[in-house]
Amino acid sequence: MTDLTGTPETEIRKGLAGVVADTTAISKVNPETNSLMYRGYPVQELAEKCTFEEVAYLLWHGELPTGEQLEAFQNFERSQRHLDAGTRRVIDELPLSAHPMDVVRTAVSVIGAVDETLTDSASMIDADLNMQRSLTLMAKLPAIVAYDQRRRRDLELVEPRDDLSYSANFLHMTFGEVPDLVVVSAFDVSMILYAEHSFNASTFTARVITSTLSDLYSAVTGAIGALKGPLHGGANEAVMHVLEEVGTADRAEAWLETALAEKRKIMGFGHRVYKNGDSRVPTMKAALETLVAKFDRPDMMELYDALEMAMTSRKNIKPNLDYPSGPAYNLIGFDTDMFTPLFVASRVTGWTAHIMEQAAANALIRPLAAYSGVEERHIS
Ligand SMILES: CC(=O)SCCNC(=O)CCNC(=O)[C@H](O)C(C)(C)COP(=O)(O)OP(=O)(O)OC[C@H]1O[C@@H](n2cnc3c(N)ncnc32)[C@H](O)[C@@H]1OP(=O)(O)O
Ligand SMILES: O=C([O-])CC(=O)C(=O)O
């Protein structure tokens with residue numbers, strides 16, 4: 001509502017905090033019960049009983065796949081896993097000083113630019129084409145992330161294997177071998193937990209871009225830009241820097257005291273919606289514990305617990321999903337600046353589900369602003 005001068009009468013909610021912008025049938029975040037459901041299924045149950053491929057299917061189609069549907073889905077995903085020459089050439093042109101999030105954002109942009117099905121405005125939002133584009137992006141992102149990780153280590157590209165699951169192949173393409181099942185499972189759990197989280201900042205960005213009837217790749221590219229920031233997905237990388245800065249468990253309290261005195265935000269803690277703990281953390285922490293046992297790194301868990309305890313007793317602010325994911329990706333063997341691209345590889349499923357939902361019942365997203373500049377004046 002506005003008054004006659006066009007000034008909004010309603011209260012301004014900085015950061016849109018608490019504002020309900022639309023409906024969604026994709027996931028439900030409930031801070032009261034600390035729960036998260038994808039299409040009605042509790043995320044913990046999906047992490048325990050499903051693969052990332054099944055969860056991607058669920059997010060896009062609204063139901064878990066039958067055996068036949070899963071087979072067709074996997075066959076297509078496995079057929080799209082290679083990194084095509086054009087995208088590889090563009091990645092090769094990028095300096096190693098470029099952040100891996102800039103590389104992944106550029107690669108998605110290139111894939112969009114060469115998609116010959118984008119012929120006119122109708123094809124940009126065609127539902128069947130968008131479904132196919134979503135699955136293709138999901139299939140190609142591991143190749144992009146793995147190749148970028150390898151080129152930073154001066155290693156050759158590893159070709160995909162079509163006899164492996166999504167997560168086993170992702171790790172194979174990154175490290176040149178299929179790791180132990182414990183590692184593949186922990187990684188798969190992280191992909192499932194990162195896949196979707198309602199109207200978070202990057203998803204909302206994707207929906208805003210889609211609402212102009214722009215194409216899916218533009219929306220995903222914009223979402224990657226939003227995810228890069230340390231208040232959102234960039235926090236999983238930042239968590240690792242924090243843990244390295246703290247060093248050892250016995251230093252956690254003193255480190256935190258100084259950081260808070262300097263008014264620093266502690267990465268991996270706090271959340272806009274959950275104020276009493278992130279629903280995904282217990283499941284990801286359990287996955288981290290399996291990695292800690294596998295790699296015999298009790299020091300990592302001691303440090304993790306010590307900082308969490310210090311933050312709880314000092315500020316009563318709980319960890320979010322990025323807190324256990326950061327050290328998990330470190331133990332798996334990824335470089336720290338590759339952590340947020342891993343989040344992209346997973347969240348592309350949620351983003352594209354929202355892009356398709358937005359396109360199916362679209363309204364241009366365009367809020368109002370209350371003008372706070374100088375009063376009308378004239379050039380004398
Ligand atoms: C997957 C994800 O994207 S999860 C989020 C990942 N991001 C991070 O981990 C970054 C660190 N966390 C934060 O910066 C914040 O908690 C956010 C951005 C995630 C949420 O922020 P908001 O909902 O805006 O919370 P808000 O800023 O209102 O916090 C309330 C109070 O808690 C404090 N607070 C919140 N999080 C933190 C933190 N991580 N460290 C220190 N203080 C914090 C705020 O400073 C504020 O204190 P004040 O009332 O004295 O000013
Ligand atoms: O919901 C949010 O604001 C951030 C988050 O946890 C996510 O995107 O997974």
Side-chain angles (χ1 to χ4, degrees), residues 13-21 24 26-31 34-38 43 46-47 55 59 101 189-207 220 223-243 245-246 252 255-284 304 307-308 310-329 339-354:
R13 304 272 187 92
K14 199 78 174 154
L16 301 183
V19 172
V20 178
T24 181
I26 302 167
S27 71
K28 180 174 180 187
V29 181
N30 191 341
N34 264 11
S35 67
L36 168 64
M37 291 181 303
Y38 296 168
V43 75
L46 293 168
V55 169
L59 291 172
M101 282 296 276
V189 164
S190 80
M191 291 290 112
I192 291 171
L193 297 177
Y194 265 141
E196 160 59 13
H197 212 241
S198 191
F199 278 21
N200 59 84
S202 56
T203 300
F204 195 62
T205 302
R207 290 191 76 126
V220 171
I224 294 172
L227 192 74
K228 184 183 176 191
L231 295 190
H232 190 12
N236 66 1
E237 167 182 343
V239 162
M240 207 55 225
H241 295 307
V242 164
L243 293 176
E245 206 182 309
V246 179
W255 179 90
L256 184 66
E257 217 40 67
T258 310
L260 291 175
E262 289 168 354
K263 304 253 173 283
R264 282 174 64 178
K265 285 268 163 73
I266 314 305
M267 294 293 134
F269 289 88
H271 199 275
R272 170 58 66 80
V273 182
Y274 300 116
K275 295 300 178 194
N276 197 26
D278 181 326
S279 59
R280 302 159 292 183
V281 166
T283 311
M284 193 60 222
Y304 176 104
L307 188 59
E308 178 182 347
M311 190 66 176
T312 308
S313 68
R314 185 66 179 69
K315 296 280 285 180
N316 198 24
I317 297 178
K318 306 281 193 315
N320 58 56
L321 176 57
D322 290 324
Y323 191 59
S325 301
Y329 291 152
F339 294 2
T340 317
L342 298 174
F343 193 160
V344 171
S346 161
R347 184 57 61 88
V348 74
T349 56
W351 288 333
T352 49
H354 279 271

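All ligand and atom numbering here is 1-based and tracks the order in the structure.
Heavy-atom distances between Lys263 and ligand 1 stay at or above 4.0 Å for every pair. Using a 4.0 Å heavy-atom cutoff, His232 is listed among the residues neighbouring ligand 2. For Tyr194, the heavy-atom gap to ligand 1 stays at 4.0 angstrom or more. Using 4.0 Å as the threshold, Ala201 has no heavy atom nearer than that to any atom of ligand 1.
Looking only at heavy atoms of the protein, atom 1 (O) of ligand 2 is closest to His197 ND1, 2.7 Å. Ranking protein heavy atoms by distance to atom 28 (O) of ligand 1, first place goes to Lys275 NZ, 5.0 Å. When only non-hydrogen protein atoms are considered, atom 47 (O) of ligand 1 lies nearest to Lys315 NZ, 4.8 Å. The protein heavy-atom contact nearest to atom 34 (N) of ligand 1 is Ile317 CD1, 3.4 Å. Atom 27 (O) of ligand 1 has as its closest protein heavy atom Lys265 NZ, 3.9 Å. The nearest heavy-atom contact from the protein to atom 1 (C) of ligand 1 is Asp322 OD2, 3.4 Å. Distance from atom 4 (C) of ligand 2 to its nearest protein heavy atom, with residue and atom name: His271 NE2, 3.5 Å. Counting only heavy atoms of the protein, atom 3 (O) of ligand 1 lies nearest to His232 ND1, 2.8 Å. Among all protein heavy atoms, the one lying closest to atom 8 (O) of ligand 2 is Arg347 NH1, 2.9 Å. In terms of protein heavy atoms, atom 23 (O) of ligand 1 is closest to Arg272 NE, 2.9 Å. Here the heavy atom of the protein found nearest to atom 12 (N) of ligand 1 is Phe269 O, 2.8 Å.
Nearest-heavy-atom check against atom 9 (O) of ligand 1 across Ala17, Gly270, Pro319, Gly268 picks out Gly268.
Close approach to Ala235 involves these atoms of ligand 1, each under 4.0 Å from a residue heavy atom: 6 (C), 7 (N), 8 (C), 9 (O). Close approach of ligand 1 to Pro230 (heavy-atom distance below 4.0 Å) involves ligand atoms 7 (N), 8 (C), 10 (C). Close contacts between ligand 2 and Arg280 involve ligand atoms 5 (C), 6 (O), 7 (C), 9 (O) [criterion: under 4.0 Å to a heavy atom]. Near Phe343, meaning under 4.0 Å from one of its heavy atoms, ligand 1 places the atoms 1 (C).
You'll find the side chain of Val29 reaches within 4.5 Å of the side chain of His197, heavy atoms only. The closest side-chain heavy-atom distance from Val55 to Thr349 is not below 4.5 Å. Using a 4.5 Å cut-off on side-chain heavy atoms (C-beta onward), Met267 and Met240 make no contact. Between Val344 and Trp351 there is a side-chain heavy-atom pair separated by less than 4.5 Å.
The protein does not reach atom 21 (O) of ligand 1 closely, with no heavy atom under 4.0 angstrom from it. Taking a distance limit of 4.0 Å, we find that atom 40 (N) of ligand 1 is approached by some protein heavy atom. Shown here, atom 6 (C) of ligand 1 is in close reach of the protein: a heavy atom of it lies under 4.0 Å off.
Residues Ser190 and Tyr329 share a closest heavy-atom pair of OG-OH, 2.7 Å. Nearest heavy-atom pair, Ser27 versus Tyr38, reported as atom, atom and distance to 0.1 Å: CB-CD2, 4.1 Å. The shortest non-hydrogen separation linking Gly277 to Asn34 is O-OD1, 3.0 Å. Counting all heavy atoms, side chain and backbone alike, Met101 lies closest to Ile224 at CE-O, 3.4 Å. Residue Asn236 comes nearest to Thr340 through the heavy atom pair OD1-OG1, 2.9 Å, listed as atom of the first residue, atom of the second, then distance. Listed here is the closest heavy atom pair of Pro327 and Val239: CD-CG1, 4.0 Å.
Under the 6.0 Å cut-off for aromatic ring centres, Phe204 and His354 do not qualify, their centroids lying 6.0 Å or more apart.
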Given the rule in the side chain to side chain contact (heavy atoms under 4.5 Å, CB included) test, do Met191 and Leu342 qualify, once you have shown the distances and angles that lead to the verdict?
CA-CA 8 Å; Met191 291 290 112; Leu342 298 174; 4.2 Å; yes
Stepwise side chain to side chain contact (heavy atoms under 4.5 Å, CB included) check, Leu260 with Ile266
CA-CA 8 Å; Leu260 291 175; Ile266 314 305; 4.1 Å; yes
Please assess Trp255 against Val242 for the test side chain to side chain contact (heavy atoms under 4.5 Å, CB included), listing each intermediate value before the final yes or no.
CA-CA 10 Å; Trp255 179 90; Val242 164; 3.6 Å; yes
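At a heavy-atom distance under 4.0 Å, no atom of Lys318 approaches ligand 1. Counting heavy atoms closer than 4.0 Å to ligand 1, residue Leu231 contributes atoms from both its backbone and its side chain. Within the 4.0 Å heavy-atom criterion, neither part of Tyr323 lies near ligand 1.
At least one N or O atom of Ile266 sits closer than 3.5 Å to an N or O atom of ligand 1.
The structure places NZ of Lys318 at 12.0 Å from NZ of Lys275, a figure rounded to the nearest 0.5 Å.
In this structure, the side chain of His232 engages the main chain of Ser202 through a donor-acceptor pair within 3.5 Å.
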